[in-house]
Every structure is written in C-alpha cells, then in structure tokens.
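Below is one structure, written out as structure tokens, with a few remarks after it.
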Amino acid sequence: MKITLKDGSVLTLADGASVNDAALAISAGLARAALAAKVNGEVRELATVLCEGDTLEILTGSDPEGLRVLRHSVSHVMAQAIMRLWPEAKLAIGPAIDRGFYYDIDRDGGFTMEDLEKIEAEMKKIVKEDEKIERFELPREKAIAFMAEKNEPYKVELIQDLPEDAVISFYRQGEFTDLCAGPHIPNTGRIKANAFKLTSSTGAYWRGDSKRKMLSRIYGTAFMKKEELDAYLAQLEDAKKRDHNKIGREMEYFTTVDVIGQGLPIILPKGARVIQLLQRWVEDIEQAHGYLLTKTPFMAKRELYKISGHWDHYLDGMFVLGDPKDETKECFALRPMTCPFQYQVFLNRARSYRDLPMRLGETSTLFRNEDSGEMHGLIRVRQFTISEGHLVLRPEQLEEEFKGCLELAKVMLGTVGLLEDCTFRFSQWDPKNPSNKYEGTPEQWEHAQSTMQKILDDLGVEYSIGIDEAAFYGPKLDVQYKNVFGKEDTLVTIQIDMLLAQRFGMEYVDEDGKKKTPYIIHRTSLGCYERTLAYLLEKYAGALPIWLTPEQVRVLTITDRAVAYAAQIKEKLDAMGVRCTVDSRNEKIGYKIREAQLEKIPYMLILGDKEAETGEVAVRDRRDGSTANMSYDAFAAKLAVEIATKAH
RNA sequence: GCUGUUGUGGCUCAGUCGGUAGAGCAGCGCACUCGUAAUGCGCAGGUCGCCAGUUCGAAUCUGGCCAACAGCUCCA
C-alpha cells in the first residue's frame, strides 16, 4: 500500500503495516524518536495500522503534539508510582496541559515536596522497567464494574457521564490500568528518566466545581531531553525574576499594608507617576476620538443597582454601606462598574439621533469585593481604576463604532508594547448555565453574538471562543494577557449590550420622529491602570519605555566641583519637561552609577571637571552601559525624539 | 471561599533542646573629592504578623485571626 508523508512524498509499505513500521522504513533514528503520529490529521499511537492512501506525519518530542502524548503518558506513570506508594489513593483525572501535565488525586493530607521526590524516584523505576503500554476497550457495564472493583469512584463517575455510545478505552502498563482515551507512547522506557520533573502540589476541585471535594493536584513536566527540561526550568526561574509583584515592590512602585487590607495596594510615587502619565495620555487620545469626559460618583443608592441588575447578579461582589436587607433604611454601595452612572449623562435631557453616537469616557475607580484568595499584586485588586467608556448608538452605528473601539484599544496596547502578547477571546453566553446568570431573550443574545461575530470576522480578528464567559447583559470581546506565571487575565474588554438601555429608559428621537432604544457598547481602551502597570513591569522587567518611566535622566556629579554645572543641566532638562534628578552626594561615581543602574533609569549624565570645562555631557545608556560625550543640545535632541516617539 | 506554603529591623536572611534577638545591605553621622556597577569607620533601628492559651519562662509549643505567595474556584 501507499501512504503520503508530510512532505508530500509517497511511501510504499506492506499491507497491515503500522505507523511504527512506517517510521522504521523512513529511518531507524526516526523510529527511536517517534512518540506518536498524525494519521489523516488525527493524533494516533505508533501501533496504529495504516490503510491505503493514509497521510502520515510522525510526531517526536520536537512537535508540540508529540510532546503532549509523551506528557500524558508520563502522567500515567506518575499515577502508577503513586498507586504503588499509596494504594489507598483514589485517581481522578490526569491530562497533558500546555506546559506539562497534572494528575488529580484524592488522598488525605495531600502530598509534600518529600512525597514528590519519592514519587519521582518510583517513576524512574517504572521507566526502567520499560513496560509496554497497551490499549483495550470494554463495554459500559463491564468498564464500570472494572473500576468499581478497583475502588476508583471518580473513574466510575467519569464513565457514567460518558455518552451512551462512547467507546470506553483503557491503557495498561504493568500492574497499572487507567481509564483513558489516549493516545499514548508505546512503552514506558521511551520516557527519559532525567527529562521529567514534578514541579508542585496544590489543591483542585473535583470537576472544577467549588462545591465538590478538593483533591490534590500534582503538576509536572516532561521533555525528550534533559537539556530541554533544564532550559525550561531555567526559563521559569527567569520569568519569576520579572514578576511585577516582586520587582514592583522592590523598585517601590507599590506596596501593601496589613492594616489597610487585602487587595488594596498603596501606589507609591513611582507607580502613581506612571499611572498618571498613562491616564493623561488615554484621556487626551479619547478626546481626540470624540469622547466626552465624565466624572461620576463612586457610590449610589441600592435602587440604582436594582435597575441595572447588579443588585441581583452581583451583590456578593459589592461593598455595601448599610444593611442590604433593610428596605426601610437608605442603603448605599460602592460602584463595581460605571455603566448606570454614565447612563445618567445620556439621560440628562431628551436625546436626538443627532446626539449619536455619544461616546462617553471616564477614568473610573471601581470597587469589587473579591474573595480573599483571588488577590494578586496589582493584577487582581479590590479597588482599581479603568479607562472606562460607554458608547450610546443607533443600531446601524454598532458595527463601525465597535471597530473604532477595537482600533483604539489596539493603538493604545501597541503603543505601550503589550499588543504583541495579547490574545482575543470572544466571550459568549451559555444558554444552559444553571445559575440563571444571563438576562434577556435567546433572540437578543443570538442577535448580539452574531453581530459581534460578523464584526470580528470582517476585521479578521483571530480569536478563541469562551463559552459562559459573557457578561450578564451581553457578549464580550476580551483582550487577554498572560502574566509571568502563564496565568491569563483580561486587559481590555469591548462588550455589546442590548438590554440595559431599555432598563434605564434610555431613548432617542429618530429621524422619523419616533422614540427608539439605543444600543450600548461598554469598553475599555487601556483597561485597568493597575493591571496595565503590572504587565508593563513584567514585560520590561522593570525598565519601562522612556516616555513612561518615572525618572528619565539622572545627573551624577563626580566631585563637588561639578555641582553647579549639574544644576545648570538639570534646569535645562526641567525646562523641556524631562523627569530628572541630580545625585550630588559625596559618593564615588561607581556607587552612584550602580544605584541608577539598579533603578533602571534610562540615561545617566556623568559630570566632572572635564564636562564642566567643555560644556559637554557624558551620557551613559542604561541598556548597554555604553558612554559617549556629546553636547547637551545633541543629547536633548536625541532624548526629545525618543520620548516623543514613545520608543520601547 | 477552598488546598498548601510562608510571616524575625526598610530589604535579604541566621537564631541549636523553650531561658527574653544577630548579620549583611539600606538609613544616619564622621572622614575621604574620587572618571563609569558597592570607600572606610562609627551610630541608631526589632513588643519576633496580631490575639489568646500551655509554661516559672514562648520568636520557638497549641489554638484562633490577619497578611503575603502558588494553585483551584470566581473575575476587569
């Protein structure tokens, strides 16, 4: 028979040949490195028998899909090791994930780091035993009985929840058998004993449901070569050095204090300056894009939130002042969003279609009573300020205005340098959501979502779909960003809302003299300033682009004789609006340079007798430590260009 | 909220068996006036996260609470 390989070439094999035979026919080296294969586009294992006309791509550790198969098998080996060490443990699920794998296990007391070492040692034995990994299938009832007999209640539940017609497969290696759809590598010996590592142990709810039991999850990762594992672990360590929560505190951008409370960071002068720069910039750009700046209260009576629906959907997340249940007394709540406040601007008087689109922008501080375990540095806090905005629209303006919002957000994210690492998520409702989260009719949702989809497709936006990620009033386009630990959060959001205008009685008089209900877009342009600052610190490892950095230039004197000259230079820099300080302390120049370097100040001007005499400045560049003597004017010109172009 | 780890001067950390706290850096003072990543000497700084309990005696043992970190769940 003939099969087609990835590069288009045709391989002739005996009938009944397997993927492994094909790999051997290509080269012995490939057969040794092979972990799985893509047959007609589907990931299959090496034992798969090929058919005439199949297309074949052999997968090794250098293919992401091959690595996934390997890691999935390593998770089985880990489960086997755990069952050898602690036979009373109960297995839940153990998939491969982006950076490795995990297995959820029910065992009293969880696992300590010492336990992980024991497990690793046992895993190495299993690798050495080189057990064959074999697949077999069982009919539903037998499969349930099999796992019940093994006293694996989680596996029984998993099988029971499979569709009636599902193929129920198992994988066996030595004495260990696990319920699993596969595919897997052919034998445990193909795992490199020095190229996997168990990285952490933590809690995770059974089936991701916080009402159910918390199991112990062990995370690990695996590669084909020790060097790849070492490089990965080194890269993780390196990423942690960029953690904004560490450098943001060390470099004095923010801090937290016990007596103020969780999720309420103190933004220190450097952080406050960066946020001020961002806010001014955003407000100015939005003004240029036709936004009207508003300033609305931080709190309102309970009645406002009842109209908006937040009282019903969001009460737990709000800071309430007063007794929320006592209807005889006034009760206020700090705002968790700006929508109903900003709508009052529209409602201020009767509106004409000529007023639309009405683009309202506000640098808006919000308060959300997050659960105590959710706070994280500046990324997840209880009080934060966003570049909020609401656009009130005629229906036919929706598409163009949505595009405008996306373009604006892209320009801003691009300017600060974060756009290249962003991904887009189309957050949709889940009509099956059991907790009655969503308002509006299926028709309204269908309309809002199909409109958004059309816009996204027209714009050629590459996006993933997030089911059950919508707001209660409409679908969202979320711009997502990952922190140094790989955890993703929303940076910017653009939402279509076809419900709230009606609830607030927002209307406009159309050309035909009839009153109509507008559409609304909720959007942010640069998102939450605290969060954006956090990501900027991580992206640039604390060395922010020069237009944003709190201190752009530091003037360092070599001796007291240069102090007067330094003051002259500073005066000139001040006059051009450069953020600059003079370090005229009586310290050695190396000491001052070291400090400025650690503070990641872009330029140092080092001034001594020579410079005072010639009227030049010695410019030291933070990035490479290079120095060059030049006239002040030459430096000022270069600096002005870098700041004006917002270089990064 | 849940699981786990952690909490000692501003920062990084030491502190043995329960006997009342120690270093480096930073800060302050003095001397040095120095050419591209740490000059020397000296001084000061802590209710050991908070509150109870056990004990003759608690940084150390027990409990509760608070906060920080990672993960889960939730979310901008």
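Letters A, B, ... are given to chains in the order of the sequence lines, protein chains preceding strands, and every chain is numbered from 1.
The C1' atoms of B:U55 and B:U60 are separated by 13 Å, rounded to the nearest whole Å. Taking atom P in both B:C48 and B:G22, one finds a spacing of 14 Å when rounded to whole Å. The C1' atoms of B:U39 and B:U33 are separated by 12 Å, rounded to the nearest whole Å. B:G7 and B:A44 have their C1' atoms separated by 25 Å, with the value rounded to a whole Å. Between B:A38 and B:C51, the distance separating the two C1' atoms is 43 Å to the nearest Å. The same atom, P, is picked in B:A14 and in B:C30; the two are 35 Å apart, to the nearest Å. Distance noted for atom P between B:G18 and B:U3: 30 Å (whole Å). Rounded to whole Å, the separation between the P atoms of B:C66 and B:U47 comes to 23 Å.
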Given Watson-Crick or G-U pairs with both distances under 3.5 Å, what dot-bracket string fits RNA chain B, with | for other-strand pairs and [ ] for crossing? (((((((..((((.....[..)))).(((((.......))))).....(((((..]....))))))))))))....
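Using a 4.0 Å heavy-atom criterion, one finds that A:Phe111 contacts no nucleic acid atom at all. Here A:Asp209 lies out of heavy-atom contact (under 4.0 Å) with every strand. Residue contacts shown for A:Gly608 include a base, since a base heavy atom lies under 4.0 Å away. Here A:Gln262 lies in heavy-atom contact (under 4.0 Å) with sugar-phosphate atoms only.
Cation-pi geometry between A:Arg368 and A:Phe384 is not met: the NZ or CZ atom fails to fall both under 6.0 Å from the ring centre and inside 45° of the normal.
By the side chain to side chain contact (heavy atoms under 4.5 Å, CB included) test, A:Asp624 pairs with A:Asp621, A:Ser626, sequence neighbours left out. Residues that satisfy the salt bridge (Lys or Arg N to Asp or Glu O under 4.0 Å) test with A:Arg207, not counting sequence neighbours, are A:Glu157, A:Asp161. Remark: A:Tyr291 engages no residue in a ring pair (Phe, Tyr, Trp, His ring centres under 6.0 Å) (not counting sequence neighbours). With sequence neighbours excluded, the residues forming a ring pair (Phe, Tyr, Trp, His ring centres under 6.0 Å) with A:Phe298 are A:Phe367, listed by chain and number. Residues forming a salt bridge (Lys or Arg N to Asp or Glu O under 4.0 Å) with A:Glu401 (at least two apart in sequence, or on another chain): A:Arg359.
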Can you give each donor-acceptor pair under 3.5 Å made by side-chain atoms of residues 233-240 of chain A, sequence neighbours left out, with the distance rounded to 0.1 Å?
none

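The salt bridge (charged side-chain N to carboxylate O under 4.0 Å, His left out) pairs that include a residue from residues 594-605 of chain A are A:Arg554-A:Glu599, A:Arg585-A:Glu595, where partners are two or more places apart or lie in different chains.
When each of A:Leu413, A:Val492, A:Thr415 is paired with A:Leu526, the side-chain contact (heavy atoms from CB on, under 4.5 Å) condition holds for A:Leu413 and for no other.
Running 5' to 3' along RNA chain B, contacts with non-hydrogen atoms of chain A at under 4.0 Å begin and end at B:G1 to B:A76.
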